Amino acid sequence: MNKKIVTIALGAALSLSASAAMADTLEDVQAKGYLQCGVAPSTPGFASPDENNNWSGIDVDYCRAMAAAIFDDPEAVRFTPLTSKERFTALSSGEIDVLSRTTTWTMSRDTNLGISFTGVMFYDGQGFMVPKDLGVNSALELSDAAVCIEAGTTTELNAADYFATNGMNYNPVVFEDQDEVVKAYDDGRCDVFTTDSSALAAERLSLADPDSHKILPEIISKEPLGPSVRQGDDLWFNISRWVYFALLEAEEYGVTQANVDEMLGSENPSVRRLLGVEGEFGKAIGLSDDWAYRIIKHTGNYGEIYERNVTPIGIDRAGSLNDLWTRGGLQYSPPIR
Amino acid sequence: MSNKFAYVRTEMAQAMPPPVTQTGVVGWMRKNLFSDIPNTIMTLLAFAFLVWTVPTLYNFLIGNAIFVAEDGTPCRAPEAGACWAYVIDRFDFYIYGFYPESEYWRPNLVFVVAAALITHLLWPELPFKGISAIAFFVGLPIFAVILLNGGSFGLPQVTTEKWGGLMLTLIIASVGIVVSLPLGVVLALGRRSHMPFVKYVSIAFIELWRAVPLITVLFMASVMLPLFLPEGTTIDKILRALVGVALFQTAYMAEVVRGGLQALPKGQYEAAHALGLNYFKSMYFIILPQALKHVIPGIVNSFISLFKDTSLVSIVGLFDLLGTVQATSALVEWKAPHQATTGYLFAAAVFWIFCFGMSRYSIYMERRLDTGHKE
């Protein structure tokens with residue numbers, strides 16, 4: 001009986017917040033005068049304090065792009081650092097307006113949590129790092145290797161699956177903490193270190209001799225990381241999604257932070273529609289027609305954001321999944337028309 | 001008769017110095033380090049341990065440490081020790097978090113005022129305690145909020161999500177300390193009260209808060225609470241953590257104070273009654289001064305554990321001192337094998353300084369207030 005009451009109370013509380021979430025997020029944000037954005041507390045390349053004690057990273061720049069589209073001011077955003085446990089509650093309770101925190105887009109999250117993913121800012125996946133003098137060029141040559149893994153993560157399960165499906169044996173060397181894993185690998189207690197490739201690149205730099213290690217080309221899991229918003233506010237969903245698309249569209253047509261002003265005079269109809277010279281596409285998402293111009297002017301296009309944040313941590317873009325579709329990657333935007 | 005004995009010497013022989021094996025360094029060592037076989041073995045083992053660790057430690061902390069560097073490159077050298085240059089470079093962030101650099105004077109001013117008031121309050125010889133107590137417990141919080149948060153008197157607003165570092169640690173710790181002591185005293189008195197309502201409310205409060213871990217309290221405050229609040233009413237994240245920490249600490253403080261109250265002989269209470277003092281006067285003049293004196297070590301113990309517990313707020317995404325150290329341990333330009341270790345060493349040193357300071361002050365206070373009840 002008691003349980004029932006608690007369930008009802010919880011349900012009532014959740015439905016209250018769900019119905020309240022139907023409210024017009026754009027209107028609320030405009031009334032507040034700033035965007036509240038949930039980010040990771042410290043993930044280099046994605047969201048971390050930089051040398052001037054400002055937030056920087058690809059997830060951070062996405063929020064700045066949204067703020068630029070809404071307010072024409074990339075600084076009209078407040079960042080809430082969230083742990084992985086807090087992030088979904090913070091979004092569904094309205095504490096933040098958009099969650100841009102290295103969150104893997106999965107079906108269960110998209111359907112069960114009352115949130116909607118709006119795009120993929122970064123295609124991540126699990127990879128392997130080995131010392132160069134091991135002479136290994138492919139993960140398929142790793143039979144009987146000792147593999148350093150962090151305990152209790154999907155990383156551990158993915159590795160088990162990968163070695164099983166390829167009929168290889170391996171000796172897992174398991175640690176509780178990422179730092180311990182790196183230390184053990186650096187001390188030569190195992191042949192291979194495996195984790196998400198974005199973290200792999202960053203951790204390589206903390207090894208005693210980064211140049212004597214390399215990351216193997218195989219990616220063995222799908223970890224699409226992207227921003228998400230509350231379900232039930234279609235206008236806000238569209239804004240979040242099209243800010244992401246505008247970043248890609250701008251890169252595809254060569255519109256950069258530097259040349260965006262001269263691009264206003266471009267003859268290319270796609271560019272003219274993107275920058276709001278032609279058509280009224282901004283109105284459809286409740287913004288002004290130069291919404292995309294503002295984004296590019298303040299934050300640059302996707303490629304520039306990537307160069308600024310992710311390239312320094314050592315993840316090359318060329319030929320990766322994060323390259324534009326025109327260069328063989330997966331980053332693709334539907335046309336603006 | 002008196003000349004029955006003839007003395008050759010007219011004065012006393014000068015005492016010989018004690019044998020060299022009993023005095024000086026050698027004597028001290030024989031007495032304290034090599035007095036018997038087990039003692040000698042322990043001494044040799046301890047000495048071997050020092051020989052084994054101290055040079056390595058010295059090399060890591062000072063000898064091979066990097067003090068000046070533009071970025072992490074020198075720290076990445078295989079023989080490099082602690083990367084102090086990284087701590088020096090990130091020092092501002094460890095102290096102020098995201099607080100804008102042009103506004104650093106505001107936390108600095110609050111800190112100076114608070115330090116002056118605390119010094120005045122803690123220095124027993126100085127007069128006008130009442131004024132500085134009011135200034136510290138009423139004036140300072142208002143002053144600190146106005147100055148740190150800004151938004152009035154022409155100060156630009158610095159919202160709380162920009163607060164961080166040691167500044168946030170000190171804010172949480174001092175709010176916890178300042179709130180928990182008086183509330184704890186009230187609850188302790190309440191728990192010993194003869195009025196059933198007051199008594200059971202106090203017991204319920206204390207037992208509820210003592211029975212949950214602080215991490216749970218912080219998680220409830222940061223994850224569950226927003227779900228129950230109506231949409232649009234978000235309570236500031238730092239405020240939530242402050243309230244959680246303060247209430248949690250109050251429950252512990254109440255039990256420490258109750259220990260002191262129970263240690264007093266019944267005669268003290270009866271004597272207070274016999275003097276015709278009412279409840280509040282007898283508590284204020286007779287009971288509490290004695291009870292609190294008995295539990296100074298316990299109170300300071302709670303303060304110290306509170307000060308260290310503040311680092312738990314980093315698990316709800318607040319950047320306290322430890323949180324800022326952790327956040328920058330991922331900074332790419334300073335990536336080095338000992339980057340994280342150096343950061344943690346720095347955090348440990350800062351925590352140690354504050355906790356050791358509190359501990360020394362409590363010993364000083366105990367000695368000063370010692371009125372000879374102990375033999």
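Chain letters run A, B, ... following the sequence lines, proteins first and then strands; every chain starts at 1. All values below come from the heavy atoms of this structure, side chains included, with hydrogens, waters and symmetry mates left out. Every value quoted in this text rests on a predicted model; they were computed, and no experiment measured them.
- When heavy atoms are compared at a cutoff of 4.5 Å, B:Lys162 does not approach chain A at all.
- A:Ile239 has its side chain within reach of A:Leu26: a pair of non-hydrogen atoms, C-beta onward, lies under 4.5 Å apart.
- Nearest heavy atoms, B:Ser314 versus A:Thr83: O-CG2, 4.4 Å.
- Counting heavy atoms from C-beta on, the side chains of A:His213 and A:Tyr185 come closer than 4.5 Å.
- Surrounding CZ of B:Phe205 are more than 12 heavy atoms belonging to other residues, nucleotides or ligands, all under 6.0 Å away.
- Across A:Gly45, A:Ser48, A:Ala90, A:Ser42, the residue that shares the most heavy-atom pairs under 4.5 angstrom with chain B is A:Ser42.
- Residues A:Glu86 and A:Pro81 form no side-chain contact, since every pair of their non-hydrogen atoms from C-beta on lies 4.5 Å or further apart.
- There is no contact between B:Tyr99 and chain A, counting heavy-atom distances below 4.5 Å.
- A donor-acceptor pair shorter than 3.5 Å can be found between the side chains of A:Thr104 and A:Glu223.
- Only the backbone of A:Phe79 comes within contact range of chain B, with at least one heavy atom under 4.5 Å from a heavy atom of that chain.
- Interface remark: of the candidates B:Arg240, B:His338, B:Gln339, B:Arg240 forms the most heavy-atom pairs closer than 4.5 Å to chain A.
- With chain A as partner, the option from B:Glu101, B:Glu333, B:Arg90 having the largest number of non-hydrogen pairs under 4.5 angstrom is B:Arg90.
- For chain A, no part of B:Thr324 is nearby; none of its heavy atoms comes within less than 4.5 Å.
- Residues B:Tyr96 and B:Leu166 fail the side-chain proximity criterion, which asks for heavy atoms closer than 4.5 Å.
- In this structure, the portions of A:Pro41 lying under 4.5 Å from any heavy atom of chain B include both its backbone and its side chain.
- Using a 3.5 Å distance cut-off with no hydrogens or angles, the side chains of A:Thr299 and A:Tyr62 do not pair a donor with an acceptor.
- Of the atoms belonging to B:Gln326, it is backbone heavy atoms, and not side-chain ones, that fall under 4.5 Å from chain A.
- The part of B:Phe219 that comes within reach of chain A is its side chain, from C-beta onward, which places non-hydrogen atoms under 4.5 angstrom from that chain.
- Only the backbone of B:Ala336 comes within contact range of chain A, judged by heavy atoms closer than 4.5 Å.
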